[in-house]
Novice: 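Let me begin by handing over the structure; questions about it come next.
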Amino acid sequence: MEDWGYKTIVEPFRIKSVEPIPILDATARLRALERAGHNLFKLNSTEVTIDLLTDSGTGAMSAIQWSALMQGDESYAGSTSFRRFESVVRRLTGYPHILPVHQGRAAERILARTILGPGRIVLNNTHFDTTRANIEQVGGVASDLPVPCALEPELEDPFKGNMDLDALDRALATGGERVALVMMTLTNNAVGGQPVSMGNLQAVSERCREAGVPFFLDAARFAENAWFIHTREPGYSDWTLPEIARKMFDLADGFTMSAKKDAIVHIGGILATRRDDWADLFRNELILGEGYLTYGGLAGRDLECMAVGLEESLDPHYLRYRTRSIAYFAEGLQKAGFPIVRPPGGHAVFVDAGRLLSHLAATQFPGVSLANALYLEGGIRSVEVGSLMFPEARLQLLRLAVPRRVYTQSHIDYVLEVAQRVVARKAQIPGYRIVQEPPFLRHFTADLEPLHRPSGWRLEPES
Ligand code: F0G
C-alpha cells in the first residue's frame, strides 16, 4: 500500500449526520467536577466537551452499517442476520464455531466458567482487567508476561505488546498441568495499545502446541494490530490486511473479541474456537447466560452492524488514517511537553503523568490530577491508569483514548491547545486523596478531593 504522500490527515469519510457537543464555561466545569466527587467517570456526558474516556462502543457507524441495521432479522432462532454475521467472521478467521455475545467480557466469562477453575493458570501478554476479573472469579490465576521494554515508557520498540518468551518458557515449565490456557491481547491495551508481532505470535503458538496448552487471542483490536504488522514487521508490507489477520487467527485455537473496538459497533462481541469439545461447553453456557445460539446477547440488527463493521475495520485507508491520527495526537502532546508512552499505540495516547507531575507522589494520584486538570481547563475526559485503578501500579499513566471516526483533526488540535495550557501551570496542579471507595474496581465510583484548591485557576465569567 503506497504512502498517501501528503502531510494532512484527510479523514477517509465525509460527515452525513452530526451531533452537537456540549461546551461549558469554567465555572460549570468546576461545579460538575465537584458534584462528581472529582471522578470523571461520574460526570454526565452533557458535561463533557471532548470524550476520550474510551474507544469502546463510542465509534461512529458508517452509513452502510446504519442501513444494515434495518436488515436485522429478529427471529428468535436461525435468523438470516446470524448467518450473515457468521459467514463474515468465518471468512475473516476460518473458525468453525462462532458464537455471538453481547460484549467482550461475556465471552471471557463463558471461557472462564467452562474451562477454568480453582488454581488453573492463564498466561497472557497482559490481561485486560475484565479478563483478569473473570479468571479470578472462578478461582483461576491470571499471570501477565509482558516484554520488559513494555515497562519503559520512553523506549522505542515496534512491538512493545509482545509476550516475554523466556518468561513463557519458565511459566509453562513450572506451571505444568495447571496451565489451562495461553492468551495474547491484540493490541496490548494495558501497556499502551502496543502491538504484538507475527513473529512473537508464531513463537507463542509453537510453544503452546509443544506444551499441549490451548492458545486464544483477545482480538478486540485485531485490525489495528494487523496494520502495525503490515507497516512495522519485515516481510509483511506486501501482504493484504485480511491475509495478515487470517494468519494471526490461524495461529490460535480460539478467540474472544469485544466488537465495540475495531469492529466499530456500539454493542457486540464474539467467542470462537476450532475445538469441537470446547464449542459444546461454550454453547451450553451461552444459552444459560446470554441467549440462543443465533443471537447471543444481541438483537439481529446488532449482528448486521457487526458483520459490516468487521469488513470495514480492515480498510487500509481507514487504518492508515486511524494510526496516523493517533500518532499526530501523540506528537502534539509531546511538543506541548507531555511525556508519553513511545511509540504511540493504536487506539490511545498514554501519558506518563507521574513524570509530568513529578511534584506528586504515586499515593497522590498524579494520573487523576492530570485528568481533572484537562477537564477543568477544557472539558476533556480521559482516564487514569495508575494507582487509583491498580493499587500496585508501577507507572502513573493517563489514557487519552480516541473513539473511531468521531473526532476530526481540529478537535484534536483543541485538545492539544488545552494540554499546552495545563503544562504551563503544572506546578500548581494538586494531588488528590480518596474520600470514599468501594471494595473493588474503586476507580469507577470512588469520591476524591484535591489536597489543596488550585491557585490561580482561570475562571471565566459565566455567560
Ligand atoms: N479486552 C480488551 C483488550 C479490552 O480493551 C476490553 C475493553 C475488553 C477485553 C472487554 O470488552 O468492554 O466489550 O466487555 N476495553 C474497554 C476500554 C472497556 O476502555 O479499554 P467489553
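Counting starts at 1 for both ligands and their atoms, following the listed order. Reckoned from all heavy atoms, side chains included, excluding hydrogens, waters and symmetry mates.
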Novice: For S56, counting its heavy atoms only, list the atoms of ligand 1 lying under 4.0 Å from any of them.
Specialist: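 Near S56, meaning under 4.0 Å from one of its heavy atoms, ligand 1 has 16 (C).
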
Novice: May I ask you to say whether R275 pairs ionically with D253, meaning some side-chain N is under 4.0 Å from a carboxylate O?
Specialist: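 No salt bridge links R275 with D253.
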
Novice: In terms of residue, atom name and distance, what is the protein heavy atom nearest to atom 7 (C) of ligand 1?
Specialist: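 For atom 7 (C) of ligand 1, the nearest protein heavy atom is K261 NZ, 2.6 Å.
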
Novice: Less than 3.5 Å between some nitrogen or oxygen of T187 and one of ligand 1, yes or no?
Specialist: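 By distance alone, the answer is no.
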
Novice: May I ask you to check whether L53 has an N/O atom sitting below 3.5 Å from an N/O atom of ligand 1?
Specialist: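 N/O-N/O distance under 3.5 Å: no.
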
Novice: Do R113 and E108 pass the salt bridge (Lys or Arg N to Asp or Glu O under 4.0 Å) test, and can you show the C-alpha distance, the side-chain angles, and the key distance before you say yes or no?
Specialist: CA-CA 9 Å; R113 284 172 57 105; E108 294 158 6; over 6 Å; no

Novice: Against ligand 1, does R221 come closer than 4.0 Å with any heavy atom?
Specialist: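 The answer is yes: ligand 1 sits under 4.0 Å from a heavy atom of R221.
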
Novice: Of the protein's non-hydrogen atoms, which lies at the shortest distance from atom 21 (P) of ligand 1, and what is that distance?
Specialist: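 It is Q103 NE2, 3.4 Å.
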
Novice: Hey, does T54 come in under 3.5 Å of ligand 1, counting only N/O atoms on both sides?
Specialist: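 Looking only at distances, the answer is yes, because the N/O contact criterion of under 3.5 Å is met.
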
Novice: Is there a side-chain contact between L165 and N200, using heavy atoms and a 4.5 Å cut-off?
Specialist: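 L165 vs N200: side chains touch.
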
Novice: So, E384 and R399, do they make that salt bridge, N to O below 4.0 Å?
Specialist: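 Salt bridge between E384 and R399, a charged N being under 4.0 Å from a carboxylate O: no.
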
Novice: Could you check atom 9 (C) of ligand 1 against the protein and tell me its nearest heavy-atom contact, residue, atom and distance included?
Specialist: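 Here the closest protein heavy atom is E108 OE2, 3.1 Å.
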
Novice: Only heavy atoms of R399, strictly under 4.0 Å: list the atoms of ligand 1 that pass.
Specialist: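 The list of qualifying atoms is 17 (C), 19 (O), 20 (O).
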
Novice: May I ask you to decide whether R404 forms a salt bridge with E224, counting only side-chain N to carboxylate O separations under 4.0 Å?
Specialist: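 Judged by the 4.0 Å cut-off on N to carboxylate O distance, R404 and E224 do form a salt bridge.
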
Novice: Just let me know how K260 lines up against ligand 1, side chain, backbone, both or neither, with a heavy-atom cut-off below 4.0 Å.
Specialist: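 Under 4.0 Å from ligand 1, K260 contributes side-chain atoms alone.
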
Novice: Indicate, with yes or no, if the rings of Y432 and F365 have centres closer together than 6.0 Å.
Specialist: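 Y432 vs F365: aromatic centres not under 6.0 Å.
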
Novice: Among protein heavy atoms, which lies nearest atom 10 (C) of ligand 1, and at what distance?
Specialist: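 Ranked first by proximity to atom 10 (C) of ligand 1 is T130 OG1, 3.5 Å.
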
Novice: Backbone or side chain, does any N or O of R105 fall under 3.5 Å from an N or O of ligand 1?
Specialist: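 Yes; the residue has a nitrogen or oxygen that sits under 3.5 Å from a nitrogen or oxygen of the ligand.
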
Novice: Write down the atom of G59, the atom of H266, and the distance for their closest heavy-atom approach.
Specialist: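 That would be O-NE2, 3.1 Å.
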
Novice: Do the ring centers of F282 and H97 come within less than 6.0 Å of each other?
Specialist: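 F282 vs H97: aromatic centres not under 6.0 Å.
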
Novice: With ring-ring contact (aromatic ring centres under 6.0 Å, His included) as the test, would you mind laying out the steps for F255 and F222 before giving the verdict?
Specialist: CA-CA 11 Å; F255 69 89; F222 76 99; 8.2 Å; no

Novice: Starting from atom 18 (C) of ligand 1, which protein heavy atom do you reach first, and at what distance in Å?
Specialist: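 Result: F128 CZ, 3.9 Å.
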
Novice: With atoms numbered from 1 as shown, which atoms in ligand 1 lie under 4.0 angstrom from a non-hydrogen atom of T185?
Specialist: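 Every atom of ligand 1 under 4.0 Å from some heavy atom of T185: 3 (C).
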
Novice: Side chain, backbone, both or neither: which part of H102 comes within less than 4.0 Å of ligand 1 when only heavy atoms are counted?
Specialist: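 No part of H102 is near ligand 1 at this cut-off.
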
Novice: How far is atom 13 (O) of ligand 1 from its nearest protein heavy atom, and which residue and atom name does that atom have?
Specialist: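 It is S258 OG, 2.7 Å.
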
Novice: Give me the atom names and distance for the closest heavy-atom approach of C149 to K160.
Specialist: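 Smallest heavy-atom distance, with atoms named: O-CE, 3.1 Å.
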
Novice: Looking at ligand 1, does any of its N/O atoms fall within less than 3.5 Å of an N/O of D218?
Specialist: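 Yes, there is a polar N/O contact under 3.5 Å.
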
Novice: Decide salt bridge (Lys or Arg N to Asp or Glu O under 4.0 Å) for R84 and E304; before the verdict, give the C-alpha distance in whole Å, the side-chain angles of both, and the deciding distance to 0.1 Å.
Specialist: CA-CA 7 Å; R84 209 157 11 243; E304 295 281 351; 2.6 Å; yes

Novice: Can you sort out which atoms of ligand 1 are near N189, meaning under 4.0 Å from one of its heavy atoms?
Specialist: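 Those of ligand 1 that fall under 4.0 Å from N189 are 5 (O), 20 (O).
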
